[in-house]
Amino acid sequence: QVQLVESGGGLVQPGGSLRLSCAASGFAFRIHGMAWFRQAPGKEREFVAAVTWSDNTYYIDSVKGRFTISRDSAKNMVYLQMNSLKPEDTAVYYCGKRQRALSNSDSYSGHEYDYWGQGTQVTVSS
């Protein structure tokens with residue numbers, strides 16, 4: 001069955017960095033886009049970044065220039081490198097699998113992702 005397992009979260013000071021990892025299994029990873037979403041306390045889950053099956057990437061404006069999403073199809077892994085972290089980046093971060101295979105369109109809606117990991121907590125605080 002499909003499994004997504006996130007890791008790499010933690011407590012970091014403002015301006016610091018973290019690298020999140022998502023290990024994927026149970027599906028044809030190389031032909032599906034992947035994404036990172038996040039959910040802060042009291043807020044809805046929001047899109048952060050995505051990478052298509054063909055390695056195109058896109059981000060929400062608030063993380064452009066600070067976060068980098070990447071994938072390693074040989075290892076079935078997705079990464080989110082987060083630099084210059086801010087307190088407003090504090091949230092649980094989730095890895096999601098794009099439902100539609102071989103799609104190069106941008107997708108910012110959670111409804112287009114059919115599997116999620118359990119999440120990893122990122123806390124940015126001094």
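Please read these numbers as outputs of a predicted model, since none were measured by experiment.
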Taking distance alone, no hydrogens or angles, what donor-acceptor pairs closer than 3.5 Å link side-chain atoms of residues 2-14 to residues at least two apart or in another chain?
from, atom 1, to, atom 2, distance (Å)
Glu6, OE1, Gln118, N, 3.0
Glu6, OE1, Gly119, N, 2.9
Glu6, OE2, Cys95, N, 2.8
Glu6, OE2, Gly119, N, 3.4

Would you mind telling me which of Tyr94, Tyr108, Phe37, Trp36 makes a ring-ring contact (aromatic ring centres under 6.0 Å, His included) with Tyr113? Phe37

With a sphere of 6.0 Å drawn around OH of Tyr115, does it hold more than 12 non-hydrogen atoms of other residues, nucleotides or ligands? no

Just wondering, more than 12 heavy atoms not from Glu88 lying within 6.0 Å of its CD?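 Yes, the 6.0 Å shell around CD holds more than 12 heavy atoms from other groups.
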
Side chains of Ser54 and Thr52: do they bring a donor and an acceptor to under 3.5 Å? yes

Going by distance alone, is a donor N or O of one side chain under 3.5 Å from an acceptor N or O of the other, for Arg98 and Ser105?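 Arg98 vs Ser105: donor-acceptor pair found between side chains.
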
Cationic tip of Arg66 above Tyr59 ring, under 6.0 Å, 45° of axis: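 Arg66 over Tyr59 ring: no.
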
Who else is in the cluster with Trp53 when I, L, V, M, F, W and Y are joined by side-chain contacts under 4.5 Å?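 Noted: Trp53 shares its cluster with Ile31, Leu102.
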
Under a 4.5 Å cut-off applied to non-hydrogen side-chain atoms, are [X] and [Y] in contact?
{"X": "Ser21", "Y": "Met77", "result": "yes"}
{"X": "Asp55", "Y": "Arg71", "result": "yes"}
{"X": "Trp116", "Y": "Arg45", "result": "yes"}
{"X": "Glu112", "Y": "Gln99", "result": "no"}

Between Tyr58 and Phe47, is the ring centre distance below 6.0 Å? yes

Any pair counted as ring-ring contact (aromatic ring centres under 6.0 Å, His included), so long as it reaches residues 65-93, sequence neighbours left out: none

How long is the gap from [atom1] on [X] to [atom2] on [Y], to the nearest 0.5 Å?
{"X": "Ser25", "Y": "Gln1", "atom1": "OG", "atom2": "CD", "result": "7.5 Å"}
{"X": "Met34", "Y": "Leu80", "atom1": "CE", "atom2": "CG", "result": "12.0 Å"}
{"X": "Ile69", "Y": "Gln81", "atom1": "CD1", "atom2": "CD", "result": "12.5 Å"}
{"X": "Asn83", "Y": "Thr68", "atom1": "CG", "atom2": "OG1", "result": "6.5 Å"}

Strictly by salt bridge (Lys or Arg N to Asp or Glu O under 4.0 Å), give each pair with a member in residues 25-41 just once, sequence neighbours left out. Arg38-Glu46, Arg38-Asp89

Scan for disulfide (SG to SG under 2.5 Å) pairs involving residues 40-75, sequence neighbours excluded, and state none if there are none.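 Every pair satisfying disulfide (SG to SG under 2.5 Å) with a residue in residues 40-75: there are none.
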
If a pair satisfies disulfide (SG to SG under 2.5 Å) and one of its residues is in residues 29-65, list it, with sequence neighbours excluded. none

Specify the closest pair of heavy atoms between [X] and [Y], including all atoms of both residues, with the distance to one decimal.
{"X": "Val124", "Y": "Thr90", "value": "N-OG1, 2.9 Å"}
{"X": "Thr120", "Y": "Leu20", "value": "CG2-CD2, 4.0 Å"}
{"X": "Lys43", "Y": "Gln39", "value": "O-NE2, 3.0 Å"}

